[in-house]
Each structure stands twice: as C-alpha cells, then as structure tokens.
Amino acid sequence: MSSTQPGGARRILRGLERAATSLERALASALLAAVAINVANVVARYVFGRSITGADELQVYLMAGLAFFGSAVAAVRGQHLRMDVLNRYFPEELRRFLSTFEALAAVALCGFVCFISSEYAWRIYQIGSVSENGHIPMWIPHSLVAVAFAAMVVVGLFDVVLRVAGGGLRQPDPVDAAEEALS
C-alpha cells in the first residue's frame with residue numbers, strides 16, 4: 001500500500017487487507033478441518049471398517065473453496081500469477097496502460113465467471129440437486145465459486161480505479177525495486 005494514495009483509498013486498502021487476513025485465517029481453518037475429516041475417515045475406514053459418508057465430497061468442496069477464495073486473497077495482495085517478463089522493459093506509460101488493461105480484462109473475466117456460476121448455482125438450487133453420498137445441496141459449493149469471483153470483481157474494480165489514478169493494489173515488483181535501489 002502506497003503512502004501516496006489519498007486518505008479514502010488508504011482506508012479502503014487497509015480494510016481490504018484486513019478482510020484478506022481474516023479470510024486467510026478462515027481458509028487455514030478450513031484446511032485444518034479438511035485434514036481432520038480425512039484423518040477421521042482413515043481411522044474410521046481402517047480401524048472400524050466403515051467410512052464416513054460424504055467425507056470425500058466434503059473435502060473436495062472445501063479444497064475447491066480454498067482455491068477460489070485463496071485467489072481473492074491473492075488479488076487483494078497482488079500476488080496472483082502473471083506473465084510480466086517483458087513488461088519491465090516497456091516505457092512507464094505503456095506499462096501503466098497495459099496493467100490497467102490487464103486489470104480491466106481480469107474484472108471482465110471474473111465478472112463473466114461470477115455471472116455464469118451464479119446462474120448455474122441458482123438452477124441447481126431450483127431443482128434441489130444434492131451430492132451423491134453426503135447429500136450436500138450442490139448449490140452451496142457452486143455458490144462459493146460465484147461469491148469468490150464476485151469478491152475478485154470488487155477488488156479488481158478498486159484496483160482499476162487506483163490504476164487510472166496512477167496507483168494500484170500491487171506491491172512494487174521485487175526485481176524493479178532491486179534494480180532501482182542499485183541505480
């Protein structure tokens with residue numbers, strides 16, 4: 001977070017970072033829960049000869065939720081994967097334009113995925129679809145996809161606004177920062 005951001009932007013950035021930290025803790029708890037479910041299922045299967053119904057499904061849905069919501073945390077922190085090997089050699093104006101275009105494209109793509117997954121979750125809610133073994137309502141895991149992508153849209157829109165104003169959510173590139181310090 002840059003100290004050159006206006007006060008309102010700094011407050012929003014701090015709020016996003018606090019939300020990302022809270023979400024990260026919740027995701028860590030969900031990962032621990034998935035591990036505990038797996039251990040309990042292994043013990044039940046090999047010690048008692050019975051497995052926990054729906055445990056495997058629940059673990060898969062937890063792991064999918066971890067991946068999608070982890071992407072939202074990465075978006076807040078500017079830690080998502082990107083190919084920027086050539087970007088550092090472009091002039092500053094072109095880099096700013098390309099990064100703003102990239103952020104807009106990401107918002108559009110995340111918005112599209114959010115829309116499609118919301119529609120799908122609504123349809124399977126309407127038909128009452130449940131998982132085969134655990135009887136988990138299928139709209140729940142599919143809604144997690146929509147909610148995570150909606151979060152990425154909100155973060156992305158804020159990032160676009162900051163980029164247009166000359167900032168952004170991303171931290172400075174470590175290679176650029178090192179090169180700047182050496183020059």
Side-chain angles (χ1 to χ4, degrees), residues 1-31 60-126 137-177 180:
M1 173 173 30
S2 172
S3 61
T4 61
Q5 301 289 353
R10 277 196 305 272
R11 282 192 298 277
I12 292 172
L13 287 169
R14 279 193 300 269
L16 283 173
E17 182 57 37
R18 281 192 302 271
T21 299
S22 296
L23 181 56
E24 195 172 43
R25 289 181 179 145
L27 293 175
S29 298
L31 180 60
V60 167
Y61 300 146
L62 282 171
M63 296 306 287
L66 286 168
F68 288 116
F69 282 101
S71 295
V73 171
V76 168
R77 298 197 174 139
Q79 296 174 329
H80 54 284
L81 294 175
R82 56 189 300 256
M83 299 298 290
D84 63 352
V85 175
L86 298 176
N87 193 34
R88 67 179 54 117
Y89 300 109
F90 295 152
E92 179 61 34
E93 291 95 23
L94 181 56
R95 276 191 290 189
R96 185 178 301 135
F97 171 78
L98 289 175
S99 71
T100 303
F101 179 77
E102 173 191 331
L104 279 169
V107 166
L109 181 60
C110 289
F112 177 72
V113 172
C114 178
F115 174 76
I116 295 298
S117 59
S118 296
E119 288 285 315
Y120 185 76
W122 177 247
R123 285 186 184 141
I124 60 175
Y125 171 78
Q126 288 178 316
M138 292 305 296
W139 66 268
I140 295 172
H142 288 285
S143 294
L144 295 177
V145 175
V147 172
F149 274 90
M152 286 186 268
V153 166
V154 170
V155 169
L157 286 172
F158 188 67
D159 189 28
V160 168
V161 169
L162 288 177
R163 287 174 188 280
V164 169
L169 288 176
R170 280 201 191 101
Q171 301 298 321
D173 182 38
V175 174
D176 288 343
E180 190 175 304

Is any side-chain heavy atom of Leu31 less than 4.5 Å from a side-chain heavy atom of Met63?
-> yes
For the residue pair Val145 and Phe149, establish whether any side-chain heavy-atom pair is separated by less than 4.5 Å.
-> yes
Looking at residues at least two apart in the chain, or sitting in another chain, which of them share a side-chain contact (heavy atoms from CB on, under 4.5 Å) with Val161?
-> none
In this structure, are over 12 heavy atoms from other groups packed under 6.0 Å from Phe112 atom CZ?
-> no
Distance, nearest 0.5 Å, that separates OH of Tyr61 from CG of Leu66 | 15.0 Å
Are the side chains of Phe68 and Leu144 in touch, meaning some heavy atoms are under 4.5 Å apart?
-> no
Hey, what do you get for CD (Glu119) to SG (Cys114), rounding to the nearest 0.5 Å?
-> 10.5 Å
Quick one: closest heavy-atom pair of Met152 and Ala72, and the distance?
-> CG-CA, 3.7 Å
Shortest non-hydrogen contact from Gly70 to Leu27?
-> N-CD1, 3.6 Å
Is there side-chain contact between Arg11 and Arg14, with at least one heavy-atom pair below 4.5 Å?
-> yes
Check whether any side-chain heavy atom of Leu13 lies under 4.5 Å from a side-chain heavy atom of Phe158, and answer yes or no.
-> yes
Leu162 side, atom CG; Leu157 side, atom CG - distance, nearest 0.5 Å | 11.0 Å
Residues Val153 and Gly111: closest non-hydrogen pair is CG2-N, 3.3 Å
Between OG1 on residue Thr21 and CG on residue Leu16, distance to nearest 0.5 Å | 10.5 Å
Nearest heavy-atom contact between Ala20 and Val76 is CB-CG1, 3.9 Å
Determine the minimum heavy-atom distance between Arg95 and Phe90, stating which atoms define it.
-> NE-O, 3.3 Å
dist Met138:CE -> Arg123:CZ (nearest 0.5 Å) comes out at 16.0 Å
How many angstroms lie between atom OG of Ser29 and atom CG of Leu62, to the nearest 0.5 angstrom?
-> 11.0 Å
Sorted by chain and residue number, the salt bridge (charged side-chain N to carboxylate O under 4.0 Å, His left out) partners of Glu93 (sequence neighbours excluded) come out as none
